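Below is one structure, written out as structure tokens; comments come after it.
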Amino acid sequence: MTRTRTDYLWVATFAVLVALAVPWFLWGDSRVFAGLPLWLWWHIGWMVLTAAVFHLFTRRAWDRGMGEVTN
Amino acid sequence: MVSALGIQLGVVGVYLVVALAIGLLAYRLTSSDAEDYYLAGRSIGTVVLLFTTFATLLSAFTFFGGPDLAFRAGPEWILVMGVMDGVLFAILWYIVGYKQWLVGKAHGYVTLGEMLGDRFGSKRLRALVAGISLFWLFPYVMLQQMGAGEAIVGLTNGAIPYWAGAAGITVFMIAYVVIAGLRGVAWTDTLQGLFMLGVVWLAVGWVATAAGGPTALSNALATNKPEFLALGGGLYSPQFIISTAVTIAFGVAMFPQINQRFFVAKSGKVLKRSFALWPVLVVLLFVPAFLLGTWAAGLGISVPEGANVLPVLLNEYTPVWFAALVVAGAMAAMMSSSDSMLLSGSSYFTRDLYRPFVNPSASDAREAWLARIGVAVFATLTFVASLFRPGTLVEVGDTAFGGFAQMALPVIVALYWPKTTRSGMFAGIVGSQAFYLAHVFVPPVDLAGATLFGATYLTWDFALWGMLLSALLTVGVSALTVAAPEENQQRFSEGLRAD
């Protein structure tokens with residue numbers, strides 16, 4: 001894959017991470033699981049996933065989009 | 001038998017004095033690191049960067065404002081703050097923070113104003129950025145004093161008046177800065193941060209146990225506040241969630257004490273490490289803090305006028321000393337993070353305003369004294385303003401974040417687009433600030449069916465429209481003008497080194 005194409009993939013990934021941190025599809029849902037609203041569980045899980053993806057980004061794609069950076 | 005009031009005041013007073021003493025001792029033991037750092041130093045270590053940034057979360061906005069809002073409007077505030085701080089801010093941490101770190105390292109910048117002033121060859125731009133930053137820092141420092149005042153009212157059930165709490169934290173803030181001087185107590189931020197993180201979880205456990213467990217608590221919510229369990233509704237529209245999260249995230253990136261850290265990190269590794277940890281750290285702090293406010297609503301806690309819900313809830317469900325300890329810990333954490341804000345603010349004042357315009361050859365000692373006096377005056381003025389209580393904690397904080405957010409897009413455009421011109425920067429920054437200030441201070445006007453200067457346009461917050469305006473003006477005016485000869489267009493794109 002070309003460098004630009006991978007760039008766009010990362011941009012799209014970040015956009016999804018932002019967009020679904022709030023579970024819009026559960027809007028108005030009041031189901032409760034283990035004492036907490038279901039939508040809160042989604043959020044907590046999503047944040048853990050976000051941390052994992054961010055970690056992957058630091059390993060695989062750091063320096064992307066910064067212009068020419070010499071190491 | 002000691003009265004409850006005696007225990008409360010004893011715990012709060014002793015904790016604050018001990019925190020101050022530890023701060024001073026810590027400074028003496030670790031002077032070299034901290035000294036470098038605050039004397040516009042060249043390097044700060046891994047842990048300090050992560051935790052001074054984390055410390056910004058440890059403000060009255062989180063500890064008291066957040067639970068208050070969750071108490072009144074429901075727990076969705078967890079989502080707003082989560083997407084804001086955990087995801088959006090983390091991404092800005094890379095886009096703004098890492099880029100600034102690379103640029104700052106190549107050219108030796110220490111403040112945002114200095115970086116922009118050099119790139120665009122303009123002392124006036126430098127001063128403008130510093131001036132706007134100091135202006136919006138004012139309400140945020142005031143917020144800490146309001147939070148402390150309201151917390152003391154809640155803890156003592158009104159026996160100690162609001163002004164006394166606000167005055168108390170002001171005195172401690174000034175004492176920190178004047179006694180410790182212009183040197184960091186950054187690692188007391190760390191200690192207090194960890195302490196508070198622990199105590200908040202302890203409070204959640206304690207309240208949950210005392211009230212019969214999480215299931216009993218959610219049943220109480222279902223009975224008393226059924227709308228709180230459903231996602232959305234009331235205050236929380238999609239527009240509110242998105243606008244608030246976006247403006248706060250961009251605002252945080254422009255906060256002096258955060259933005260300055262982007263320049264002074266010792267290595268890029270620290271930025272990397274903190275980036276991945278951020279979402280988890282955010283959830284660990286926000287979920288318990290705002291759940292407490294939510295549960296209080298289900299339990300039918302009644303909060304006296306002008307108090308925070310958190311101390312009231314803790315007084316009801318945990319021993320007096322524990323409630324006092326949480327309030328004292330929160331106040332100490334707020335105090336030391338306000339201290340970081342004030343110190344960064346004072347470096348903007350001396351480096352970007354005083355030196356370039358008033359006295360270029362001022363000695364370091366003179367500058368240090370001036371900064372201390374500046375901090376004392378600033379904190380006193382915010383204290384006086386806090387007595388008028390211009391809004392709730394979240395409203396005041398949100399206004400400050402929104403003001404900072406107006407600068408974020410012009411800065412990002414400048415960092416990534418070499419064709420940005422000085423005129424474009426002035427247009428973007430001045431135009432959006434004028435728009436934003438008008439909406440904060442001018443009362444709404446009805447004009448032919450449409451409302452001008454209201455809270456929203458087409459249901460979206462004016463702060464978001466201001467940000468859009470700032471980007472359009474910066475890009476549009478830059479496209480129409482040519483760079484002045486003093487501008488250094490390649491400043492942000494050439495000679496960047498990551499090691």
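Residue numbers start from 1 in every chain, and the chains themselves are labelled A, B, ... in the order their sequence lines are given, proteins ahead of strands. Since the model is a prediction, treat every value here as computed from it, not as a measurement.
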Original post:
Looking at B/Ala90, B/Ala230, B/Gly86, which makes the most heavy-atom pairs under 4.5 Å with chain A?
Top reply: B/Ala230
Original post:
Atom CD1 in B/Ile91, atom OG1 in A/Thr50: separation rounded to 0.5 Å?
Top reply: 8.5 Å
**OP:** Find the distance between CH2 (A/Trp27) and CD1 (B/Ile241) and round it off to the nearest 0.5 Å.
**Re:** 4.0 Å
**OP:** Would you give the length of the straight line joining atom NE2 of A/His55 to atom CG of B/Leu277, rounded to the nearest 0.5 angstrom?
**Re:** 9.5 Å
Original post:
What is the ring orientation for A/Phe57 with B/Tyr94, classed by angle as parallel under 30°, tilted 30 to 60°, or perpendicular over 60°?
Top reply: perpendicular
**OP:** Select one option (side chain, backbone, both, neither) describing which atoms of A/Val18 are under 4.5 Å from chain B's heavy atoms.
**Re:** both
Original post:
Which bit of B/Leu415 is near chain A, if near means a heavy-atom gap under 4.5 Å: side chain, backbone, both or neither?
Top reply: neither
**OP:** Quick one: pull up CH2 in A/Trp39 and CG in B/Leu229 and give me the separation to the nearest 0.5 Å.
**Re:** 8.5 Å
Original post:
With chain A, which of B/Gly233, B/Pro238, B/Ala106, B/Ala222 has the greatest number of heavy-atom pairs at distances under 4.5 Å?
Top reply: B/Pro238
Original post:
Which answer fits A/Ala34, side chain, backbone, both or neither, if we ask what part of it has an atom under 4.5 Å from a heavy atom of chain B?
Top reply: backbone
Subject >> Which of A/Pro37, A/Ala51, A/Pro23, A/Ala21 touches chain B most, by non-hydrogen pairs under 4.5 Å >> reply: A/Ala51
Original post:
For A/Leu36 and B/Leu291, what are the C-alpha separation, side-chain angles and deciding distance, and is it a side chain to side chain contact (heavy atoms under 4.5 Å, CB included)?
Top reply: CA-CA 9 Å; A/Leu36 296 180; B/Leu291 266 184; 3.7 Å; yes
**OP:** Please report the closest heavy-atom contact between B/Ser218 and A/Val32, naming both atoms and the distance.
**Re:** OG-CG1, 3.7 Å
**OP:** Identify the heavy atoms of B/Ala276 and A/Phe54 that sit nearest to each other, and give their distance.
**Re:** CA-CB, 3.9 Å
Original post:
What is the distance from atom CG of B/Leu496 to atom CE of A/Met66, rounded to the nearest 0.5 Å?
Top reply: 9.5 Å
**OP:** Heavy-atom distances under 4.5 Å only: say whether B/Glu76 touches chain A with side chain, backbone, both or neither.
**Re:** both
**OP:** Heavy-atom distances under 4.5 Å only: say whether B/Val283 touches chain A with side chain, backbone, both or neither.
**Re:** side chain
Original post:
Which atom pair, heavy atoms only, marks the closest approach of A/Met47 to B/Gly82?
Top reply: CE-O, 3.2 Å
Subject >> A/Leu40 side, atom CG; B/Leu79 side, atom CG - distance, nearest 0.5 Å >> reply: 7.0 Å
